[in-house]
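Please read these numbers as outputs of a predicted model, since none were measured by experiment. Below, all heavy atoms of this structure are taken into account, side chains as well, without hydrogens, waters or symmetry copies. Starting from 1, each residue takes its place in the sequence as its number.
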Amino acid sequence: MTHLFIADLHLSPDHPRLVRGFLDLLNAYKDKNTQLYILGDWFNAWIGDDYTAPWLDEIIEHLKQFTKAGNQVYFLVGNRDFALGKDFLNQFTGHLLPDVQFLTITDKKIRIEHGDELCTDDISYQRFRKIIRHPWLVGFLRKMPLSFRAQLAQGFRKKSHEAQQFKSYEVMDVNQDAVNTALQDVDLLIHGHTHRANIHDVNGKKRIVLGDWREESAQILELSGDSEQEIQLMTWHY
């Protein structure tokens, strides 16, 4: 069995090459008995499970073929697509995971998450996250017209981009104490969000940061379940 971890694809109709790269990935792993874990920011913005478009229909169709071949798709939300829910995933028998999920692959205890909760030094973002992710507010927004949600998402993206111009890389990166806490009862932490693909040694344990998807390639992680496997990020070209 192949365990495949990806994050921060930021798919949208504005970047068809990224969409094609994801579809090619599904095709490449369709016959490998794959468990695909998407660790947030799958889409650049998600305005609701009732959103439809031709580019999205193509993705859904490929996902249906992927799961019909016996593979599994697991998704946990990111800061861009936190409103994505079971209605969308049910179209291809995908599985919605909690914000933090624990796995055991061979003898390794693994924690997976998007990674934004680890960036505790970014106080303004954490405050905003707590508000916008509140279940009551999410439920309220889902009842708003699709056009209103689209404008709101555009405004959030613009505000986020502007705010990042005034923040240091250190503030927007993970907090080491938060990482130490996350690794306390596991051997391996896998996350995305920071767009800084790397494998970090933390007191003999590993923190793997998945890469964001760019115009030609992305850094992804494949675990075969072999306890002797050397853990390395691999470059997916498309």
Under the side chain to side chain contact (heavy atoms under 4.5 Å, CB included) criterion, do Phe22 and Leu63 qualify, and how do the steps go? CA-CA 10 Å; Phe22 176 62; Leu63 286 163; 4.0 Å; yes

State the OH-CZ distance between Tyr51 and Phe43, to the nearest 0.5 angstrom. 9.5 Å

Give the table of side-chain donor-acceptor pairs shorter than 3.5 Å for residues 179-193, with sequence neighbours excluded, one pair per line with atom names and distance.
from: Asn180; atom 1: OD1; to: Gln176; atom 2: NE2; distance (Å): 3.2
from: Asn180; atom 1: ND2; to: Gln176; atom 2: O; distance (Å): 3.3
from: Thr181; atom 1: OG1; to: Asp177; atom 2: O; distance (Å): 3.0
from: Asp187; atom 1: OD2; to: Lys109; atom 2: N; distance (Å): 2.8
from: His191; atom 1: NE2; to: Arg207; atom 2: NH1; distance (Å): 3.0
from: His193; atom 1: ND1; to: Asn79; atom 2: OD1; distance (Å): 3.1
from: His193; atom 1: ND1; to: His114; atom 2: NE2; distance (Å): 3.2

Point-to-point distance, once rounded to the nearest 0.5 Å, from CG of Leu210 to CD1 of Ile112: 9.5 Å

Residues Leu26, Ile59; criterion side chain to side chain contact (heavy atoms under 4.5 Å, CB included); working and verdict: CA-CA 10 Å; Leu26 293 178; Ile59 292 174; 5.7 Å; no

Could you check whether any side-chain N or O of Thr34 sits under 3.5 Å from a backbone N or O of Leu36, counting only pairs where one atom can act as donor and the other as acceptor? no

Does a donor on one side chain sit under 3.5 Å from an acceptor on the other, for Thr52 and Asp50? no

Specify the closest pair of heavy atoms between Ile199 and Ile231, including all atoms of both residues, with the distance to one decimal. CD1-O, 3.5 Å

Would the distance check show the side chain of Tyr238 and the main-chain N or O of Ser217 forming a donor-acceptor pair, the cut-off being under 3.5 Å? yes

Treating Asp81 as the side-chain partner and Leu84 as the backbone partner, does any N or O pair qualify as donor plus acceptor under 3.5 Å? no

Say whether, by atom type as modelled, one donor and one acceptor occur between the side chain of Asp49 and the main chain of Asp87 under 3.5 angstrom. yes

Shortest non-hydrogen separation from Leu118 to Ala178 and the atoms involved: O-CB, 3.7 Å

Keeping Trp213 on the side-chain end and Leu11 on the backbone end, is there a donor-acceptor pair under 3.5 Å? no

Under the side-chain hydrogen bond (donor to acceptor under 3.5 Å, both in side chains) criterion, do Thr120 and Asp122 qualify, and how do the steps go? CA-CA 5 Å; Thr120 57; Asp122 193 345; over 6 Å; no

CZ/Arg214: more than 12 non-hydrogen atoms of other groups inside 6.0 Å: no

State yes or no: do Trp46 and Leu76 share one hydrophobic cluster built from I, L, V, M, F, W and Y residues joined by side-chain heavy-atom distances below 4.5 Å, directly or via other members? no

Straight-line distance of Asp14 CG to Asn44 CG, nearest 0.5 Å: 8.0 Å

Distance col, row Trp55:CH2 vs His15:NE2, nearest 0.5 angstrom, shows 11.0 Å

Judged by atom type as modelled, is there a donor-acceptor pair below 3.5 Å linking the side chain of Gln219 to the main-chain atoms of Asn198? no

In short, Asp116 meets Tyr125 closest at the heavy-atom pair OD2-OH, 2.6 Å

Quick check: is Leu223 connected to Leu97 through a chain of hydrophobic side chains (ILVMFWY, heavy atoms under 4.5 Å apart)? yes

Between Glu222 and Tyr29, the two heavy atoms sitting closest are OE1-OH, 2.6 Å

Answer with yes or no whether the hydrophobic clustering places Val209 together with Val100; edges join I, L, V, M, F, W, Y residues whose side-chain heavy atoms lie under 4.5 Å apart. no

Within the distance-only criterion (no hydrogens, no angle test), does the side chain of Arg149 pair as donor or acceptor with the backbone N or O of Met144 below 3.5 angstrom? yes

Can you see which heavy atom on His62 is nearest to which on Asn27, and at what distance? CD2-OD1, 3.8 Å

For residues 68-78, which residue pairs qualify under side chain to side chain donor-acceptor pair (under 3.5 Å), counting only residues two or more places apart or in two chains? Gln72-His95

Roughly how far, to the nearest 0.5 Å, is the CD1 atom of Ile110 from the NZ atom of Lys206? 12.5 Å

Looking only at atom types and distance, does a side-chain atom of Thr93 sit under 3.5 Å from a main-chain N or O of Asn90, one as donor and one as acceptor? no

Verify the cluster assignment for Phe75 and Val138: are they in a single hydrophobic cluster under the rule of side-chain heavy atoms below 4.5 Å apart? yes

Could you tell me if the side chain of Leu4 sits less than 4.5 Å from the side chain of Leu25, heavy atoms only? yes

Are the side chains of Ile60 and Phe88 in contact, using a 4.5 Å heavy-atom criterion? yes

Can you name the closest pair of heavy atoms from Val77 and Arg133 and give their distance? CG2-NH2, 3.4 Å

Under a plain distance cut-off of 3.5 Å, with no hydrogens placed, do Tyr37 and Gln101 share a side-chain donor-acceptor pair? no

Does any donor atom in the side chain of Thr2 or Gln35 lie under 3.5 Å from an acceptor atom in the other side chain? no

Between Arg80 and Asp212, is there a salt bridge with N-O shorter than 4.0 Å? no

Output for pair (Met234 CE, Ile220 CD1), nearest 0.5 Å, gives 4.5 Å

Out of curiosity, does Phe102 fall in the hydrophobic cluster containing Leu221 (side-chain heavy atoms, cut-off under 4.5 Å, transitive links)? no

